[in-house]
Undergrad: 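One structure follows; several queries about it will come next.
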Protein chains: 2
Amino acid sequence: METEEKKIYTIDDIARELGVSKTTVSRAISGKGRIGQATRDRVLAFIKEHDYRPNVVARGLAQRKTYNIALLMPKDYVATDFLFFKDCMNGICEVASAHDYDIIISMVDGEDVSQIERLEANRKVDGIIVSRAVVSSKIQKYLKNCREPFVLIGPTSDPEIPFVDNKNQEAGKELTSILLMKGMRHLALLGGNESYNVTGSRYQGFLDAHQELGIPVDKNLIFMNADNQLVISDAVSKLYEAGADGIVCMDDVICSMCMSSLREKKIQVPMQMKVASMYDSKNLEYHNPPVTSIKFDTTGLGQMACIKLLEILGENPQEEIKPLNYQVILRESTQ
Amino acid sequence: METEEKKIYTIDDIARELGVSKTTVSRAISGKGRIGQATRDRVLAFIKEHDYRPNVVARGLAQRKTYNIALLMPKDYVATDFLFFKDCMNGICEVASAHDYDIIISMVDGEDVSQIERLEANRKVDGIIVSRAVVSSKIQKYLKNCREPFVLIGPTSDPEIPFVDNKNQEAGKELTSILLMKGMRHLALLGGNESYNVTGSRYQGFLDAHQELGIPVDKNLIFMNADNQLVISDAVSKLYEAGADGIVCMDDVICSMCMSSLREKKIQVPMQMKVASMYDSKNLEYHNPPVTSIKFDTTGLGQMACIKLLEILGENPQEEIKPLNYQVILRESTQ
DNA sequence: CTGAAAGCGCTTACAG
DNA sequence: CTGAAAGCGCTTACAG
């Protein structure tokens with residue numbers, strides 16, 4: 001009686017074959033509404049036997065949901081961020097699919113909001129996850145006027161915006177503490193752009209460690225907005241002359257530039273200068289020498305972002321909200 | 001009269017306000033079916049004025065389409081592939097959104113087909129693009145039994161499967177030929193992971209060039225699975241001692257690691273050793289010296305994959321089907 | 001050229 | 001506990 005090798009059942013087919021109403025079938029599947037145990041079992045058995053899967057799109061239309069989540073990614077990003085995005089996406093997809101949501105990706109070109117407009121107009125998603133590096137204040141402002149709920153990955157200064165972020169301050173403190181405990185007394189800091197929140201958090205962690213151990217911070221060894229080779233090269237010369245015994249870099253890119261400055265100036269690492277980074281990347285692992293750094297749980301970050309969004313969407317994610325954690329990895333550069 | 005600041009119109013609202021039937025509105029929008037010019041203009045004007053956008057999900061349900069395309073990505077991939085996936089995704093998304101399709105990503109873990117099963121069961125996509133590195137024969141077989149149409153990015157030996165691919169073998173042959181014609185006679189090869197198809201194609205290109213020019217290949221200079229700094233460093237020492245006069249690296253990451261090994265060992269490029277890469281990246285361009293390599297049009301590859309799938313889905317992509325090409329860029333490293 | 005009606009495959013008050 | 005009916009927002013034969 002089947003037309004093809006494998007018939008796709010609808011809820012109507014099932015209702016007819018079982019001699020019940022489709023209301024009943026729907027209830028057996030969703031678990032909502034009262035239904036007799038016997039009836040439910042019959043329906044469920046039939047469904048299992050015939051491998052019936054409800055049409056998610058039709059359900060979505062009736063419920064005014066899509067079961068899709070958009071992930072905003074930057075159209076262009078530097079190689080260093082690759083690991084971050086991959087791990088993050090894995091985390092997001094994992095929890096999304098566990099809740100039968102799918103991820104629609106949208107590539108955002110700089111501050112161009114046209115792709116976001118399109119997303120909103122098409123109404124194919126229930127919410128948006130905005131990944132780090134897409135988050136400019138212009139984009140944030142645009143999103144707030146959107147009707148779509150959203151979650152940011154990365155810091156935000158706007159208290160109304162839900163976000164998830166790494167424990168930058170705690171991690172920065174821990175890394176710094178370890179260096180201090182290893183005996184360094186004149187730590188320099190190469191900080192990133194001060195307009196980023198993450199810069200502030202990491203800086204604070206650096207200060208916290210000094211304070212806790214009662215070791216003074218030498219302000220002359222602190223260089224913020226060190227986001228290009230020239231500034232860094234200059235800073236490295238100065239801090240070396242000022243007698244620094246170690247350099248804490250706020251991220252892997254700064255650290256790479258710092259390492260090549262040191263190489264250029266023939267300052268030996270770790271003999272003449274220790275180096276550590278507050279953000280890990282494969283690069284640092286393979287540097288010569290390998291660089292001590294903090295490894296964040298990026299997959300976990302993606303998971304948390306998705307969980308948070310699902311909560312906003314009214315789902316009840318069963319996943320435990322584990323605090324995001326990190327590891328300090330001590331490599332040759334601080335030995 | 002509006003409940004919210006911005007009312008979302010449905011096709012019913014428009015029909016009512018305009019005193020026509022929703023059939024008419026639908027026709028004005030879709031352009032299908034006969035409709036008077038005057039009526040159409042009225043409808044279109046109203047739509048524009050009120051910024052009406054049809055509900056894509058509802059349309060999909062009626063048309064039995066989803067306007068979604070799945071992109072299968074490997075859950076884990078090495079750094080080497082990062083640029084490839086990014087560019088590819090950009091190309092795919094570009095074409096897709098020009099045709100009002102969205103991309104749903106699905107992370108495939110090795111040969112685990114459960115994510116593909118889920119995609120199929122949920123019926124949220126009209127077709128699938130399978131990116132390189134996901135394509136195992138097991139996955140191919142599974143997909144052929146799926147009801148979803150699909151296109152592969154990367155090579156396949158199955159003539160029934162639609163695919164797009166870079167001309168890896170031809171390009172590898174061309175690059176190698178040029179080096180041989182420049183007089184090198186002892187070319188070493190640093191190859192990637194042998195489980196990837198692309199590794200085989202590039203290796204074959206390397207062999208083809210030698211064969212065509214009647215120059216023997218020295219098997220002692222061939223190192224496969226050279227995907228980390230240690231292996232590469234070791235290989236570089238060996239091939240140098242074995243008298244190699246040039247190194248062909250299968251991709252940009254291998255090449256970067258190769259270059260830093262050479263620098264460490266104080267082997268001068270290009271004086272003592274020529275270096276070339278079978279896959280370009282910004283890195284290589286900015287290396288010191290800049291490295292000769294093959295530049296593929298990866299964005300174009302993604303575009304073609306999407307165009308091909310859209311054709312299979314019965315769309316009429318206006319994009320021109322330009323043959324995928326590559327450039328050999330000769331830089332200082334082989335001079 | 002235009003419209004009433006049925007349908008896509010579900011959900012969900014409402015009534016019994 | 002169960003079902004008939006209306007509805008989600010569209011499309012598309014069919015009839016005029």
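Letters go in sequence order (proteins before strands), and every chain restarts at 1. Only a predicted model underlies this, so the values are computations on that prediction, with no experimental measurement involved.
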Undergrad: Taking it one step at a time, do Phe150(B) and Gln140(B) satisfy side-chain contact (heavy atoms from CB on, under 4.5 Å)?
TA: CA-CA 10 Å; Phe150(B) 69 102; Gln140(B) 286 190 27; 5.6 Å; no

Undergrad: State whether Ser21(A) places a side-chain N or O below 4.0 Å from either non-bridging phosphate oxygen (OP1 or OP2) of dA4(D).
TA: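 No, no such contact exists.
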
Undergrad: Where does DNA chain D form stems of at least three consecutive Watson-Crick or G-U wobble pairs, each pair having both distances below 3.5 Å?
TA: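 Stem list for DNA chain D: C:1-3 with D:14-16, C:5-12 with D:5-12, C:14-16 with D:1-3.
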
Undergrad: Provide, to the nearest angstrom, the distance between the CD1 atom belonging to Ile11(B) and the C1' atom belonging to dC8(C).
TA: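 Distance, rounded to whole Å: 14 Å.
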
Undergrad: Any ion pair linking Glu148(A) and Arg123(A) (charged N to carboxylate O, less than 4.0 Å)?
TA: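 No, Arg123(A) and Glu148(A) are not salt-bridged.
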
Undergrad: Nearest whole Å is fine: how far is dG9(C) P from Leu61(B) CG?
TA: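 Value for this atom pair: 7 Å.
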
Undergrad: Side chain of Ser131(B), backbone of Leu72(B): donor and acceptor closer than 3.5 Å?
TA: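 Judged by distance alone, yes, a pair lies under 3.5 Å.
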
Undergrad: Nearest-Å distance, NZ (Lys32(A)) to P (dT12(C))?
TA: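 Rounded to the whole Å, the gap is 4 Å.
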
Undergrad: Which sits closer to the 5' end of DNA chain D, Arg40(A) or Arg59(B), going by the nucleotide each is nearest to?
TA: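 With Arg40(A) and Arg59(B) compared, the 5'-side residue is Arg40(A).
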
Undergrad: Check whether any side-chain N or O of Ser26(B) sits under 4.0 Å from OP1 or OP2 of dT11(D), and answer yes or no.
TA: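 Yes, because at least one side-chain N or O of Ser26(B) sits under 4.0 Å from OP1 or OP2 of dT11(D).
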
Undergrad: All N/O contacts under 3.5 Å from nucleotides 14-16 of chain D to the protein, with atom names and distances to one decimal?
TA:
none

Undergrad: Which whole-number value in Å describes the distance from Ile35(B) CD1 to dG3(C) C1'?
TA: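 The answer, rounded to whole Å, is 12 Å.
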
Undergrad: Could Arg53(B) and Glu120(A) be called an ion pair, given the rule that one side-chain N must be under 4.0 Å from one carboxylate O?
TA: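 Salt bridge absent between Arg53(B) and Glu120(A).
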
Undergrad: Select base, sugar-phosphate, or nothing to describe what Lys22(B) touches, counting heavy atoms under 4.0 Å on all strands.
TA: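 Result for Lys22(B) = base.
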
Undergrad: Main chain of Met107(A), side chain of Lys75(A): is a donor-acceptor contact present, judged purely on distance under 3.5 Å?
TA: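 Judged by distance alone, no pair lies under 3.5 Å.
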
Undergrad: Between the side chains of Thr23(A) and Ser26(A), is a donor N or O closer than 3.5 angstrom to an acceptor N or O?
TA: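 Looking only at side-chain atoms, Ser26(A) and Thr23(A) do not form any donor-acceptor pair under 3.5 Å.
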
Undergrad: Check whether any side-chain N or O of Thr23(A) sits under 4.0 Å from OP1 or OP2 of dA4(D), and answer yes or no.
TA: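 For dA4(D), OP1/OP2 do not have a side-chain N/O of Thr23(A) under 4.0 Å.
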
Undergrad: dC10(C) phosphate, OP1 or OP2: any side-chain N/O from Tyr52(A) under 4.0 angstrom?
TA: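 True: Tyr52(A) side-chain N/O within range (under 4.0 Å) of dC10(C) OP1/OP2.
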
Undergrad: Side chain to side chain contact (heavy atoms under 4.5 Å, CB included) with Val151(A): which of Ile69(A), Ile161(A), Leu309(A)?
TA: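 Checked Ile69(A), Ile161(A), Leu309(A) against Val151(A); only one passes side chain to side chain contact (heavy atoms under 4.5 Å, CB included): Leu309(A).
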
Undergrad: OP1 or OP2 of dG9(D) less than 4.0 angstrom from a side-chain nitrogen or oxygen of Arg64(A), does that happen here?
TA: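 Checking dG9(D) against Arg64(A), a side-chain N or O does come within under 4.0 Å of OP1 or OP2.
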
Undergrad: Answer with base, sugar-phosphate or nothing: what part of the nucleic acid does Thr10(A) contact at a heavy-atom distance below 4.0 Å?
TA: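 Touches sugar-phosphate only.
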
Undergrad: Do the side-chain N or O atoms of Tyr9(A) get closer than 4.0 angstrom to the phosphate oxygens (OP1, OP2) of dC10(C)?
TA: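 Answer no for this pair, as no side-chain N or O of Tyr9(A) is under 4.0 Å from OP1 or OP2.
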
Undergrad: Work out how far the C1' atom of dG16(D) is from that of dT12(D), and round it to whole angstrom.
TA: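 Their C1' atoms lie roughly 16 Å apart.
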
Undergrad: If only atom types and distance count, is the side chain of Ser21(A) paired as donor or acceptor with the main-chain N or O of Thr24(A) below 3.5 Å?
TA: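 It does hold such a pair.
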
Undergrad: Using a heavy-atom cut-off of under 4.0 Å over every strand shown, decide if Ser30(A) touches base, sugar-phosphate, or nothing.
TA: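 Nothing, no nucleic acid heavy atom in range.
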
Undergrad: Does Thr39(A) put a side-chain nitrogen or oxygen below 4.0 Å from OP1 or OP2 of dT2(D)?
TA: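 Affirmative; the distance criterion is met.
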
Undergrad: Rounded to the Å, how far apart are Gln63(B) CD and dG9(C) C1'?
TA: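 The distance from CD of Gln63(B) to C1' of dG9(C) comes to 15 Å, rounded to the nearest Å.
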
Undergrad: Tell me what Val20(B) touches on the nucleic acid: a base, only sugar-phosphate, or nothing, going by heavy atoms under 4.0 Å.
TA: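 Sugar-phosphate contact only - Val20(B) comes under 4.0 Å of backbone atoms but never of a base.
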
Undergrad: Before we go on, tell me: are the rings of Phe46(B) and Tyr9(B) under 6.0 Å apart, centre to centre?
TA: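 Close enough - the centres of the two rings lie under 6.0 Å apart.
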
Undergrad: Among dC10(D), dT2(C), dT2(D), which nucleotide sits nearest the side chain of Asn55(B)?
TA: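 Among dC10(D), dT2(C), dT2(D), the one nearest the side chain of Asn55(B) is dC10(D).
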
Undergrad: dG9(D) P sits how many Å from Arg16(B) CZ, rounded?
TA: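 Distance, rounded to whole Å: 11 Å.
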
Undergrad: Heavy atoms, side chains only, cut-off 4.5 Å: are Ile153(B) and Val130(B) in contact?
TA: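 Result no, sub-4.5 Å side-chain heavy-atom pair not found.
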
Undergrad: Any donor-acceptor pair under 3.5 Å linking the side chain of Asp13(B) with the backbone of Thr10(B)?
TA: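 Side chain of Asp13(B) to backbone of Thr10(B), a donor-acceptor pair under 3.5 Å: yes, one is there.
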
Undergrad: Send over the distance from Asp12(B) CG to dC10(D) C1', rounded to a whole Å.
TA: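 Value for this atom pair: 9 Å.
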
Undergrad: Over how many whole Å does the gap from Tyr67(A) atom OH to dC8(D) atom P extend?
TA: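 Rounded to whole Å, this separation is 17 Å.
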
